[in-house]
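Down below is the structure, laid out as structure tokens.
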Protein chains: 2
Amino acid sequence: MGRVGLSTERLVRAGAELADEVGFDQVTVSALARRFDVKVASLYSHVKNSDDLRTRIALLALAELADRGDVALAGRAGKDALTALADVYRDYAREHPGRYAAAQLRLDPEAAAASAGGRHARMTRAILRGYDLAEPDQTHAVRLLGSVFHGYVSLELGGGFSHSAPDTQETWTRILDALDVLLRNWPPER
Amino acid sequence: MGRVGLSTERLVRAGAELADEVGFDQVTVSALARRFDVKVASLYSHVKNSDDLRTRIALLALAELADRGDVALAGRAGKDALTALADVYRDYAREHPGRYAAAQLRLDPEAAAASAGGRHARMTRAILRGYDLAEPDQTHAVRLLGSVFHGYVSLELGGGFSHSAPDTQETWTRILDALDVLLRNWPPER
DNA sequence: AGTATTTGCCTAAAGATTTTAGGCAAATTA
DNA sequence: TAATTTGCCTAAAATCTTTAGGCAAATACT
């Protein structure tokens, strides 16, 4: 039996696909080995252990998301940019639910530092350049946007908004309208 | 060896404690058996399987959260109610991270129907009685509030806001202020 | 080309978790 | 006190994780 050509790269990529197909928590070293028609032990030359595999998938997802964000933000500002980045998260989660779940994995400090997390924070902050917010309000707003993006996408994906009258696209549009208004009229500290 | 007095109740309760201590995804039938100093197989008389156990912990968490919400909302309206319910989620997540994670478990339709999910939706809608929102805007607002509550709490818990200048309590307060303003001036469809 | 070395996937094996089946003794009921 | 139910047990199979050591294919060197 010749060599299949395993590599950390390929394993992580296949792991991400597997996650999208069966759910991130069903991603297992064994399942991945089956997918390559290879014995389980063979994977341990390319990946430290199960946790390492999952962390790498999370890092891949975060990087892919950041890449999409960069593209979406290029040449946009204000509400245009807000909508574009918001849609990046929502669309990615719908296209790649397993990867999106992976991106939510709690990373240890080391992995977190090496992750695209910083890029995400910078992208959100870039959006706010189109609005007139000084610190610390800008940070408050960054956190609000992060919360809404993540919260909405995660609830929608989890079916929290199912069986409901106004469809979720409509709500999404109106929420982004509302956030735009809010950012243009950010209430001062009282 | 006599009987320890296992029951579904006690197992689920202990499972919730275990989740808070070691994380929801580390909650395992085996670990629970060890905690009761009992053989693993003994648990299977009280719980169908691992999934059943986890689902029951999720249902417990959702019910506890709803109970706290009821108490918090009693006699409150408007921004007072908004803040009270928001704090219920945030405080619960901080006190019981494992349970909060459990509450995020994706339930199958049957379990979802039997869950306190409906109570949560009703509580959020109750808050909006203090604001002047007709359908479908009310539903949009319900979804926005749910997104912010869940998104913020989940990001804060995951350390997404760490190493940061304005502390998270400050941001939380300002976000609730902002939501209050937004709900009082909900932008019409354009 | 021929040899040496590294690399990649394998077999073997141990430990853990999940789950089912069937048994015996303690608790409950008659 | 006898009969029945109930609760925890032992046994065992299936799956997953992980480590150790082996052999052959790919790569590098003379």
Side-chain angles (χ1 to χ4, degrees), chain A residues 1-60 98-99 101-102 105-108 110-111, chain B residues 1-60 98-99 101-102 105-108 110-111:
Chain A
M1 327 299 183
R3 306 186 173 191
V4 189
L6 299 183
S7 75
T8 306
E9 265 300 295
R10 288 191 64 195
L11 288 181
V12 173
R13 209 159 287 283
E17 281 163 29
L18 186 59
D20 286 334
E21 290 165 23
V22 303
F24 182 57
D25 35 289
Q26 304 300 316
V27 172
T28 177
V29 185
S30 298
L32 208 49
R34 274 193 294 276
R35 171 161 293 220
F36 281 95
D37 202 25
V38 141
K39 297 297 169 177
V40 198
S42 306
L43 302 206
Y44 282 83
S45 323
H46 305 279
V47 147
K48 261 208 291 294
N49 53 39
S50 191
D51 236 49
D52 182 42
L53 171 64
R54 302 162 82 77
T55 297
R56 284 175 191 275
I57 295 173
L59 294 177
L60 171 69
R99 284 158 145 103
L105 183 69
R106 242 143 111 152
L107 301 173
D108 56 81
E110 186 184 3
Chain B
M1 326 292 189
R3 306 185 173 192
V4 188
L6 299 182
S7 74
T8 306
E9 264 302 295
R10 288 191 64 196
L11 288 181
V12 173
R13 209 159 289 282
E17 281 163 29
L18 186 60
D20 287 334
E21 290 165 22
V22 303
F24 182 58
D25 35 287
Q26 304 300 317
V27 172
T28 178
V29 185
S30 299
L32 208 50
R34 275 193 294 277
R35 170 161 292 219
F36 281 96
D37 202 26
V38 140
K39 298 296 171 178
V40 197
S42 306
L43 302 207
Y44 283 82
S45 323
H46 305 280
V47 147
K48 262 208 290 293
N49 53 40
S50 192
D51 236 50
D52 182 42
L53 171 65
R54 301 162 83 77
T55 297
R56 284 176 191 274
I57 295 174
L59 294 178
L60 172 69
R99 283 158 146 102
L105 182 69
R106 239 140 111 159
L107 302 172
D108 56 82
E110 187 183 4

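A quick note: this is a predicted structure, and the numbers were derived from the prediction, not measured. All chains are named by letter (A, B, ...) in the order of the sequence lines, taking the proteins before the strands, and each is independently numbered beginning at 1.
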Worksheet item: Within the structure shown, what part of the strands sits under 4.0 Å from B:V4 by heavy-atom distance: base, sugar-phosphate, or nothing?
Response: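 Contact class for B:V4: sugar-phosphate only.
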Worksheet item: Quick one: CG on B:L32 to CG on B:L6, what's the gap to the nearest 0.5 Å?
Response: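 With rounding to 0.5 Å, CG (B:L32) is 8.5 Å from CG (B:L6).
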Nucleotide [N], atom [atom2] - distance to [atom1] of [X] in whole Å:
X: A:L43; N: D:dT18; atom1: CG; atom2: P; result: 11 Å
X: B:K39; N: C:dT18; atom1: NZ; atom2: P; result: 15 Å
X: A:D37; N: C:dG8; atom1: CG; atom2: P; result: 19 Å
X: A:N49; N: C:dG15; atom1: CG; atom2: P; result: 19 Å
X: B:Q26; N: C:dT18; atom1: CD; atom2: P; result: 11 Å
X: B:L6; N: D:dC8; atom1: CG; atom2: P; result: 4 Å
X: A:L32; N: D:dT15; atom1: CG; atom2: P; result: 18 Å
X: A:E9; N: C:dG8; atom1: CD; atom2: P; result: 14 Å

Item to complete: Examine distances only and state if a side-chain atom of A:R54 and a backbone atom of A:V27 form a donor-acceptor pair shorter than 3.5 Å.
Response: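 Yes; at least one donor-acceptor contact below 3.5 Å.
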Which nucleotide in [options] has an atom nearest any side-chain atom of [X]:
X: B:A41; options: C:dT18, D:dC8, C:dT20; answer: C:dT20
X: B:V40; options: D:dT17, C:dT18, C:dC9; answer: C:dT18
X: A:R3; options: D:dA25, D:dC9, D:dT17; answer: D:dA25

Do any side-chain nitrogens or oxygens of [X] fall under 4.0 Å of OP1 or OP2 in [N]?
X: B:S45; N: D:dT6; answer: no
X: A:S50; N: D:dT17; answer: yes
X: A:S30; N: D:dT15; answer: no
X: A:R34; N: D:dC16; answer: yes
X: A:H46; N: C:dC9; answer: yes

Fill in: Nearest heavy atoms of A:R10 and A:G5, plus distance in Å
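Shortest heavy-atom contact: NH1-O, 2.9 Å.
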Item to complete: For side chain to side chain contact (heavy atoms under 4.5 Å, CB included), just list the numbers for A:L11 and A:L43, CA-CA rounded to whole Å, side-chain angles, deciding distance to a tenth of an Å, and then say yes or no.
Response: CA-CA 8 Å; A:L11 288 181; A:L43 302 206; 3.9 Å; yes
Worksheet item: Considering only heavy atoms from C-beta outward, does the side chain of A:L105 approach that of A:I57 to under 4.5 Å?
Response: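 Heavy-atom side-chain distance check fails, nothing below 4.5 Å.
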